[in-house]
Structure formats: structure tokens, C-alpha cells
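Report on one structure; see the data block that follows.
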Amino acid sequence: MLDKNDQVVARLTKLDKFHEMGIEPYPHHFKRTHHSDSLKENKEALLKSEEKVTFAGRVVRFNRKGKMCFMHLKDRFGRLQVVCAANLLEDNYEVVKLIDLGDFIGVEGTMMETQSGEYSVKAAHVTMLSKAVRPLPVPKEVIDENGNKTVFHEFKDVDTRYRQRYTDMALNDDVRDVFIKRSKIMQSIREYLIEKGFIEVETPTLQPIYGGANARPFTTHHNAADMTLYLRVAPELYLKRCIVGGMEKVFEFSKNFRNEGMDRTHSPEFTGLEFYEAYADYNDMMVHFENIYERACIAANGTTKVEYQGKEIDFKAPWPRLTMAEAIEKYSGLKIASLSDDDMKNELSKRGVKLDGIWSRGRAILELFECTVEEHLIQPTIIKDMPKESTPLCKTHRSEAGLIEQFEPYANGWELGNAYTELNDPLRQRELLEEQVARGRGGEDETHPMDENFLHAIESGLPPTGGVGFGIDRMIMLLTNQQTIRDVQLFPLMKPE
RNA sequence: GGGCUAAUAGCUCAGCUGGUAGAGCAACGCCCUUUUAAGGCGUGGGUCGAAGGUUCGAAUCCUUCUUAGCUCACCA
């Protein structure tokens, strides 16, 4: 071991004692008849019947009192006290003396109540299941009559918590709960899409050409093929190929990678969900989107409402829809239609925004939206009908010139996703992608390289299609009231110490 | 990338304007058969994030670096 302190040495000494006694401190298996919750649920019956139970978990409290010992074992459902009295253990109180906080042990016994009334396992036999040789910094806690928990010496150093997430999860129940909710949310989304007839697919993470989002990629190299590969920034272009192939309704949970800054809402690797439906348009996608959110919120919290950092947000569908122009007018009083380009420049510079690259009215509108509207969209709202400059992958608006059929749902001032009536006109698609490549040379930062195979697919015939992409991590943050993306990712990226 | 802040025992933290490091929990030893942050007596444990500098003397002051947090910028 790299670092041995007195506590590690003490535990290693205990480990030797197990070996001397001929006891395996790391057995292969332990048969549990009950978890902590099933023991609690069947309290009356178990107390009465005194039937034999077995129960296992991690030692999180340990009081030795002479030849008697009280401890709490924690499994994934909670914690429960175990009472070990030397005269009641068949033969192995010696084992109890070698137990430390953090060890995994199993007990066999019957249920009882202590003199102070705490429901406990009365152990007849104790089995060491895994001796921990490093100390687990278990905090002490008190739960008062009202059920409020006070924790003393809580393990809370943020740096250590992320680097040792196993310790964090083992000690901090609320951390583990976030990831349990995350699993429930993912499952509810999957169930919804499968109910609606979507097929789950997996598309390449390693891509020879990246695309589908404006973002800088991570680059890697394939040795045998001697080729440069990119980690995907989005699965979009492959999923559309699936629609071309006739799958009609597909979805993918996709780990995406973007080589950009990290902050409270951005991580270099994050989970996206995208789904595409043939013969549907963006109006149909809005309904899926709000349904998924509503259902996920119920899956996580049992209701459509969530308290996020002091604000109550209600995800109940349907959500109000505003066009981008309506939203700008509502929150800034500016009527886009009656503003000249010069007025627009003035309004932007008044707000401290400058546009680089070539002037375009559409990009100015997008900027104006960002600085006047976004922060006000606390309750779920769907913003639709963006200027055509927003993206090259979306279809022109059926009735409004200069706009496209794109929508972005917002809540808590955050963009939750991005969706279109997908562009399926191959000539128009080529034109727009070429324009974007050309603009890239002109100096705009982030653009896609040309993906000829994708164009080939669209040229082969993409049916009318609606598509949605959305950020799972932000969704988990909102639905579990977490302030940073790192608190909803199990093992966030950390620089080496 | 810029600004601000932090890093001291396994954990949580004190340590003021410089004088060779301290508490609680945890650990170790002894006592204790109904504890609830159990208790009593005793013991050990530190390259004070790293490297330089100032000084007779640095955890403390200065510089640089590392890591993290907040924040701004960038970014869906």
C-alpha cells in the first residue's frame, strides 16, 4: 500500500488475526434472507415469530460495551441495529472484537427490541464479509423526534468527495439518492419511448467526421487503420441515417464529448438523448418532449412539481409555446418585425453584446433572445420558430419567411433541448452545409466539416421527420435539485492531484 | 483564460500581529451486558498542498507552482 497510517496498520493487524484463527475475512458469498427495509416492514411478525433471519451490510456505527456490542449495518435500503452479546453468540465473539467501521459483515439471528425500544437483530452468529483496511470516515448522526437528522463531522470536502465517490456514496445518503433517481428517470424515458414504438439503437462514438452540433471535438487516433477519429459531439447524423434506412422511430442515449470549458452546467462528457420520428414534425415533438419531462419528474419525485434552489417549477404538460419573436417582445418590449438592422445593432450594443463574423439579422435575433429572454424562462416554456441562421439541419418554416421549424424548451432559465422538423431536402441540405463550411473558413469559430456520407444518405431519401435532442444531465439536475453537473455524474473528470 | 478564496492528523476544524502544532471524532491499551454523537482512565499519530525567498526563527509574511471552490468570459 502506498500510504500506511496507524489506522491502516491496526486494521492489517486485525486481518492477520483472522488468518491466525483460520477464518477467511473475504468469503465468496453470503445468503441474505432480508434487507433492512424488509426487516422493518415485517417488524411485528418477525418479533413474534422469532424466525431466523440473515442480514448484511456495512458497519456504520459501532459501540462496544464490555462483552456486548451494538452496531448499525447499512445496506442500500437503510440502516438497522445489530446487537451482539458475547453469551448469545454461538462461538465467535472474537470476530466482533475485530470489526471496524467500514467493514462489511453478515449476521444471523432473530429480531428483538432493546431496553430502549430500538428494533434490532439479536445476533447468534457474525460473519466477516470484507475487512476494510482503510478507515471509513463515518460521521455520527442524531435523529430527533421530528425526524430531523443532524450529522457531526460530515465527510464533505468537495475535492475528496469527487475523487473518492465510493466514500461519498457510502456515507452521504443524499448523494446516493440522486443516482437512484437518475436511474429511475432514465428508465421512465426509455419506457415512454418504447411504449410509443421507438427502437433503441447505438451509433458510433468514434467517428471519422464529427457533426450534429456546433462544438469542438476530442481527437484521437486509430493505430491499426492509421486514421484520425473524433469522439462524437452528437449522434444526430447517424440517427437520421437510421430513419433513411426505414427504422421510422429511433432513439439513443448517447454519451457526447465536447472539448470545451467546464463549469457548473458543462462537463466534457455528458449524456444526451436524441429521438427521431418519421412522418412527424416539430409540433409532434413538442408533445413528446413535455410528456417525457412530466413523466420523468413523477418518476423521480412522485409529482410534476420540483423545488429547484428555492424556486418551484411545475413540469405538468402541456407547456406554453411562444415564438422567439413573441418571447423577445414579451420580455424586452422590442418588436423584431419593426426593427431595422441598425436598430438591432443598437439594442445589442446597449446590452454589451458584439457579434463577430459576418453580420446577419438572424444571428442578431438569437443574441437578443439570449440576453433579454433566457433568464426569465423559469417555468417550462417552449420557444419556437428560430431564424434560419440558427442551424443548418432544420427545415424552413411552412409559413414564415426567414424562420425555421425549430424549438427549444426552457426551464429555470436553461435550455433543456433542441428540436426540429428535420431538413429533408437534399439539395437545400447540401447548400446549407457548404455555406457553413465556407463560413468556417471565414473565421466563425465552430462549424462542422462536410460529411459526404450523411449527404449521400439524405439524397437517398429522408422521409419527413421530427427530431429531438436533449441534455440528460441538466434534466437530472433540475429534477433532483442539484446545483452542479458534477453532482449528477458519478465520476466527474478531475485533474490528477 | 481572468478575478476572488481555500489547502493543517484518517474525518471535521482551531491555530490573531512570526517563537519548533492543538481539539473533537476515528485509532491503540485497560474497564464496562441494553448503547443512541454511549461513558471512564491512559497512549500514539503531522514534511502544516509543493518549491523557493525574507528572518536568529515561518503553518503564519513574500514569490512561483499544483489542486479545488465561487465568479466572469468562452461554451448548448
Side-chain angles (χ1 to χ4, degrees), chain A residues 3-14 60-72 79 81-89 93 96-97 100-102 112-120 122 132-144 149-164 167-168 171-172 212-216 233-234 256 258-268 270 272 352-354 356 366 370 374 390-391 408-410 413-418 445-446 469-471 473-474 483-486 492-497:
Chain A
D3 49 331
K4 278 194 197 178
N5 57 42
D6 57 329
Q7 308 205 31
V8 172
V9 170
R11 285 161 182 252
L12 288 172
T13 306
K14 290 177 185 170
V60 292
R61 192 167 72 83
F62 191 82
N63 288 351
R64 263 183 78 187
K65 195 180 190 322
K67 292 193 165 49
M68 187 164 193
C69 171
F70 300 88
M71 54 191 145
H72 280 178
R79 47 159 76 197
Q81 179 163 274
V82 170
V83 180
C84 299
N87 62 322
L88 296 175
L89 285 181
Y93 196 71
V96 174
K97 291 186 185 168
D100 287 298
L101 289 171
M112 51 115 43
E113 273 180 339
T114 61
Q115 280 178 9
S116 56
E118 181 164 347
Y119 181 56
S120 312
K122 183 167 65 181
V133 298
R134 282 189 190 280
L136 187 71
V138 180
K140 300 206 168 182
E141 52 189 57
V142 185
I143 297 171
D144 66 18
K149 189 161 78 171
T150 312
V151 180
F152 299 85
H153 310 116
E154 188 176 13
F155 176 76
K156 65 182 179 188
D157 182 80
V158 182
D159 193 1
T160 320
R161 278 184 44 227
Y162 292 147
R163 289 182 198 278
Q164 297 181 28
T167 310
D168 192 21
L171 299 179
N172 297 324
N214 286 323
R216 246 183 306 165
V233 297
N256 300 328
R258 298 189 184 175
N259 205 342
E260 287 159 358
M262 301 158 73
D263 64 25
R264 194 192 287 224
T265 53
H266 296 84
S267 166
F270 63 97
V353 179
K354 16 178 217 288
D356 4 292
L366 290 166
E370 216 167 279
E374 259 189 20
S390 170
T391 162
E408 295 181 334
Y410 281 83
W414 298 346
E415 179 199 328
L416 305 179
N418 190 4
D445 262 2
E446 278 153 13
F470 80 69
D473 301 278
R474 279 189 197 175
Q483 291 189 68
T484 83
I485 195 166
R486 289 184 155 193
L493 180 70
M494 301 293 280
K495 290 198 194 177
E497 279 175 288

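Naming: A, B, ... by sequence-line order, numbering from 1 per chain. FYI, side chains are in, hydrogens and waters are out, and symmetry mates aren't considered; it's all heavy atoms of this structure.
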Determine: side-chain N/O of [X] to OP1/OP2 of [N], distance under 4.0 Å, yes or no.
| X | N | result |
| --- | --- | --- |
| Lys14(A) | A27(B) | no |
| Lys65(A) | U33(B) | no |
| Arg61(A) | A38(B) | yes |
| Asn63(A) | U35(B) | no |
| Lys140(A) | U12(B) | no |

Side-chain donor or acceptor of [X] under 3.5 Å from a matching atom on the base of [N]?
| X | N | answer |
| --- | --- | --- |
| Asn5(A) | G10(B) | no |
| Glu118(A) | U36(B) | yes |
| Asn87(A) | U33(B) | yes |
| Gln81(A) | U35(B) | yes |
| Thr114(A) | U35(B) | yes |
| Glu141(A) | A37(B) | no |

Could you check which nucleotide pairs with [N] in any of the strands shown, counting Watson-Crick or G-U wobble with both distances under 3.5 Å?
| N | result |
| --- | --- |
| C61(B) | G53(B) |
| G29(B) | C41(B) |
| U47(B) | none |
| A68(B) | U5(B) |

Distance, C1' atom - from C31(B) to C16(B), rounded to whole angstrom: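 After rounding to an integer number of Å, I get 42 Å for this pair.
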When you compare A14(B) with U34(B), how far apart are their P atoms, in angstrom units rounded to a whole number?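 Looking at atom P only, A14(B) and U34(B) are 39 Å apart.
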Using a 4.0 Å cut-off on protein heavy atoms (strictly under), produce a 5'-to-3' string for nucleotides 65-73 of chain B with B for base contact, S for backbone-only sugar-phosphate contact, and - for none. --SSSSS--
Check whether Arg258(A) reaches the backbone of Val233(A) with its side chain - one donor and one acceptor, N or O, closer than 3.5 Å.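 Checking the backbone N and O of Val233(A) against the side chain of Arg258(A), a donor-acceptor pair under 3.5 Å is found.
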Just by modelled atom types, is the Ile485(A) backbone N or O under 3.5 Å from a matching donor or acceptor in the Arg474(A) side chain?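 Here the side-chain-to-backbone pair does not exist.
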Please identify each residue that fulfils salt bridge (Lys or Arg N to Asp or Glu O under 4.0 Å) with Arg161(A), with sequence neighbours left out.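 Scan of Arg161(A) (salt bridge (Lys or Arg N to Asp or Glu O under 4.0 Å), adjacent residues dropped) gives Asp168(A), Asp487(A).
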